[in-house]
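Read the structure below first, then the notes.
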Amino acid sequence: MFVDFIADYYTNIEQYPVTSQLKPGYLRDLLPPSAPFEAEPIEEIMRDIQNHIIPGITHWQHPSHFAYFPCSASTAGILGEFLAAGLGVVGFNWAAAPAATELETVVMDWFGEMLNLPRTFLFSGEAAGGGVIMGTTCEAITVVLVAARDQKLDKIGRGEIGKLVVYCSDQTHCAFEKAAKVVGIQPGNIRAVETNKTTSFALSPDSLKSAIRADVAVGLVPLFLCATIGTTSTTAVDPLEPLCRVAKEHGGMWVHVDAAYGGSACICPEFRHVIDGVEGANSFSLNAHKWFLTTLDCCCLWTKDPNAIKKSLSTNPEYLKNRASESGHVVDYKDWQLTLSRRFRSLKLWLVLRSHGVGNLREFLRGHVAMAEAFERLVEGDERFEVVVPRRFSLVCFRMNDDDGGGNNLMNKKLLERINGSGRVLMTHAVAGGIYMLRFAVGATLTEPKHVMEAWKVVQQQADAIMQGV
């Protein structure tokens with residue numbers, strides 16, 4: 001019944017408005033105030049799902065969902081989730097889940113090799129690197145920040161935590177600021193270095209160097225740099241090689257590369273150059289649940305120094321002691337993450353890799369890039385619009401110009417509201433350098449060129465209405 005329901009949902013998904021048309025609080029009025037005392041028929045539950053839940057969904061798998069970044073699903077990813085839930089594995093250490101642990105180490109090496117990551121990040125490399133699958137980038141950044149913090153405090157003293165400074169650009173995802181606060185970095189010591197349109201909002205190594213020198217001059221201690229491959233607002237790409245060089249020159253700061261969105265594209269040789277210089281970083285992460293058909297949640301984190309993470313996060317209570325762990329020859333992933341329990345996430349990634357193959361996954365990504373290129377050409381061909389920053393990957397950032405040929409933030413905000421209000425398309429916005437822009441992110445699994453053309457028609461129709469004062 002549930003399999004048929006999901007199959008029907010995908011078959012009919014285009015019949016739904018992309019985003020829910022209901023108002024906040026709608027569901028509480030439709031459901032009973034308390035849980036049922038007696039069991040209810042599954043048929044009745046399914047009716048409520050169809051009648052009450054589906055109308056309140058923003059349909060992320062809709063082919064006209066161009067908002068945020070994608071969260072692409074696939075049959076293989078869904079079946080992997082189904083198998084993982086059915087098997088009910090709790091893989092906190094090798095003894096509790098040998099196959100789950102070992103599959104994760106294998107799959108992370110497979111994926112790392114597909115990305116052409118330096119072998120220092122892999123289990124199979126000559127060094128002591130390795131990878132782990134977490135839920136989200138927020139978790140991954142928190143984990144590596146904890147490791148970097150403890151390494152530094154072991155050298156300068158635990159009482160000096162107030163001197164630690166972390167760096168990012170003003171385009172870095174808010175997850176970094178949250179993680180820094182969680183690990184005890186003073187809010188005033190989180191440096192979001194300003195970017196601008198001349199560098200397409202990428203972090204300038206010279207600007208980073210100036211910020212670090214200013215902090216060192218007053219006795220602060222540089223700790224950590226978060227560089228991004230594909231920022232959320234505009235998919236800016238921070239230049240890894242010179243940034244890592246700056247970090248090395250200033251006390252060997254820990255460098256983490258957040259490639260949550262852009263990293264997946266690096267399995268394609270034509271995009272691999274965006275992570276050139278990654279060999280100078282300490283850790284690297286991407287979200288396979290964004291643009292890699294693996295369904296939420298699946299954040300892949302590689303590090304050159306798992307021991308630094310384990311030193312900070314390891315626990316060894318009596319009730320978890322076992323011969324395999326004590327041998328030192330197995331991976332206990334509980335010591336690589338914040339939580340103890342963990343799901344069998346590697347199963348779905350393994351199914352995706354095997355069911356599609358590297359060649360087909362590359363073509364999947366290239367197809368979305370080609371559709372974004374087509375949309376970009378449509379924008380450039382209409383003198384009322386402009387592409388705000390050069391397109392990278394499959395995101396187009398654009399805006400409508402007013403009668404004077406300049407951008408108008410209020411007008412573009414109104415344009416976005418009208419586009420999304422149609423229910424036919426969903427986009428989101430960004431503001432960078434004071435410029436309000438619309439974001440058109442291609443990445444849904446079911447999106448085809450016809451959906452891109454339909455989206456452009458909606459944009460033009462709403463633009464016409466604004467110009468006509470309707």
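A cation-pi arrangement, defined by a distance under 6.0 Å to the six-membered ring centre and an angle within 45 degrees of its axis, is present between R439 and F69.
If you run side chain to side chain donor-acceptor pair (under 3.5 Å) between E14 and each of H62, H59, H451, only H451 comes through. Evaluated for a side chain to side chain contact (heavy atoms under 4.5 Å, CB included) with T235, the options I229, L395, T228, V389 yield exactly one hit, L395.
Centroid-to-centroid, the aromatic rings of Y333 and W94 stay 6.0 Å apart or farther. For F271 and F393, the gap between ring centers is short of 6.0 Å.
Considering only heavy atoms from C-beta on, S285 comes within 4.5 Å of H256 through its side chain. Looking at D276 and L240, their side chains never come closer than 4.5 Å, going by heavy atoms from C-beta outward. Side-chain contact between V165 and I185 is absent, with no heavy atoms from C-beta onward closer than 4.5 Å. Using a 4.5 Å cut-off on side-chain heavy atoms (C-beta onward), T75 and L79 make contact. Counting only heavy atoms from C-beta outward, the side chains of Y10 and I78 approach each other to under 4.5 Å.
With salt bridges taken as basic N to acidic carboxylate O contacts below 4.0 Å, one links E363 and R366. Here K311 does not pair with D150 in a salt bridge; the nearest charged N to carboxylate O distance is not below 4.0 Å. The pair K163-E160 counts as a salt bridge, with a side-chain nitrogen and a carboxylate oxygen less than 4.0 angstrom apart. Between K181 and E177 there is a salt bridge, with a side-chain nitrogen of the basic residue lying less than 4.0 Å from a carboxylate oxygen of the acidic one. Under a 4.0 Å N-O distance rule, the pair E104/R342 qualifies as a salt bridge. Comment: R345 does not engage E81 in a salt bridge, judged by the lack of any side-chain N to carboxylate O separation of less than 4.0 angstrom. Note on D382 versus R384: salt bridge recorded, some NZ/NE/NH1/NH2 to OD/OE distance being below 4.0 Å.
Between the side chain of Q61 and the main chain of C71, a donor-acceptor pair closer than 3.5 Å is present. Counting only distance, with no hydrogens or angles, the side chain of T428 and the backbone of Y68 share a donor-acceptor pair below 3.5 Å. Of the possible polar contacts, none joining the N287 side chain to the H289 backbone as a donor-acceptor pair under 3.5 Å is found. A donor-acceptor pair under 3.5 Å links the side-chain atoms of D109 to the main chain of F123, judged by distance alone. Formation of a donor-acceptor pair under 3.5 Å by the K152 side chain with backbone atoms of L164 is not found in this model. Under a 3.5 Å cut-off, the side chain of R392 and the backbone N or O of G230 do not form any donor-acceptor pair. R399 contributes no side-chain N or O that, together with a main-chain N or O of V387, makes up a donor-acceptor pair within less than 3.5 Å. Side-chain N or O atoms of S394 include none that pairs as donor or acceptor with a backbone N or O of A372 at under 3.5 Å. Side chain of S169 to main chain of Q171: a donor-acceptor pair is present (N/O by atom type, distance under 3.5 Å, no hydrogens or angles).
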Given side chain to side chain contact (heavy atoms under 4.5 Å, CB included), test N412 with M437 step by step and report yes or no.
-> CA-CA 7 Å; N412 279 283; M437 63 194 85; over 6 Å; no
Step by step, work out the side chain to side chain contact (heavy atoms under 4.5 Å, CB included) result for M411 and L415.
-> CA-CA 6 Å; M411 179 178 66; L415 175 62; 5.7 Å; no
Verify side chain to side chain donor-acceptor pair (under 3.5 Å) between T172 and Y167, making sure each step is shown before the conclusion.
-> CA-CA 10 Å; T172 301; Y167 302 85; over 6 Å; no
Tell me, with the steps shown, if Q337 and T339 meet side chain to side chain donor-acceptor pair (under 3.5 Å).
-> CA-CA 6 Å; Q337 61 180 30; T339 62; 3.1 Å; yes
Is there a ring pair (Phe, Tyr, Trp, His ring centres under 6.0 Å) between F224 and F176 once you walk through the steps?
-> CA-CA 11 Å; F224 192 100; F176 180 64; 5.8 Å; yes
Could you give me the CA-CA distance, side-chain angles and deciding distance for Y436 and H429, then say whether ring pair (Phe, Tyr, Trp, His ring centres under 6.0 Å) is met?
-> CA-CA 7 Å; Y436 185 102; H429 78 281; 4.7 Å; yes
Determine, step by step, whether F284 and I275 satisfy the side chain to side chain contact (heavy atoms under 4.5 Å, CB included) criterion, reporting the C-alpha distance in whole Å, the side-chain angles of both residues, the deciding distance to 0.1 Å, and the verdict.
-> CA-CA 10 Å; F284 176 93; I275 59 171; 3.9 Å; yes
Does the ring pair (Phe, Tyr, Trp, His ring centres under 6.0 Å) test come out yes or no for F111 and F292, once each step is laid out?
-> CA-CA 11 Å; F111 203 175; F292 210 71; 4.7 Å; yes
Could you walk me through whether N282 and V144 pass side chain to side chain contact (heavy atoms under 4.5 Å, CB included), step by step?
-> CA-CA 9 Å; N282 301 79; V144 293; over 6 Å; no
Checking side chain to side chain donor-acceptor pair (under 3.5 Å) for the pair S325/D332: CA distance, chi angles, key distance, verdict?
-> CA-CA 7 Å; S325 296; D332 285 343; 2.5 Å; yes
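For the pair W456 and L378, the tightest heavy-atom approach, listed with the atom from each and the gap, is CZ2-O, 3.4 Å. Residues G443 and H368 approach most closely at O-CE1, 3.2 Å, considering heavy atoms. Across T447 and V452, no two heavy atoms sit closer than the pair CG2-CG2, 4.3 Å. The minimum heavy-atom distance linking A140 with C299 is given by the pair CB-SG, 3.9 Å. Between T142 and A179, the shortest heavy-atom distance links the atoms OG1-CB, 3.3 Å. Nearest approach of D258 to C226, heavy atoms of both residues: CB-SG, 4.0 Å.
For the residue pair S124 / R119, a side-chain donor-acceptor distance below 3.5 Å is found, with atom types taken as modelled. There is a side-chain donor-acceptor pair under 3.5 Å between S283 and W254. In this structure, a donor-acceptor pair under 3.5 Å is present between the side chains of T58 and T19.
Take F344 and apply the ring pair (Phe, Tyr, Trp, His ring centres under 6.0 Å) test, not counting sequence neighbours, and it matches no residue.
Expressed to the nearest 0.5 Å, how far CG of N93 lies from NZ of K334 amounts to 7.0 Å.
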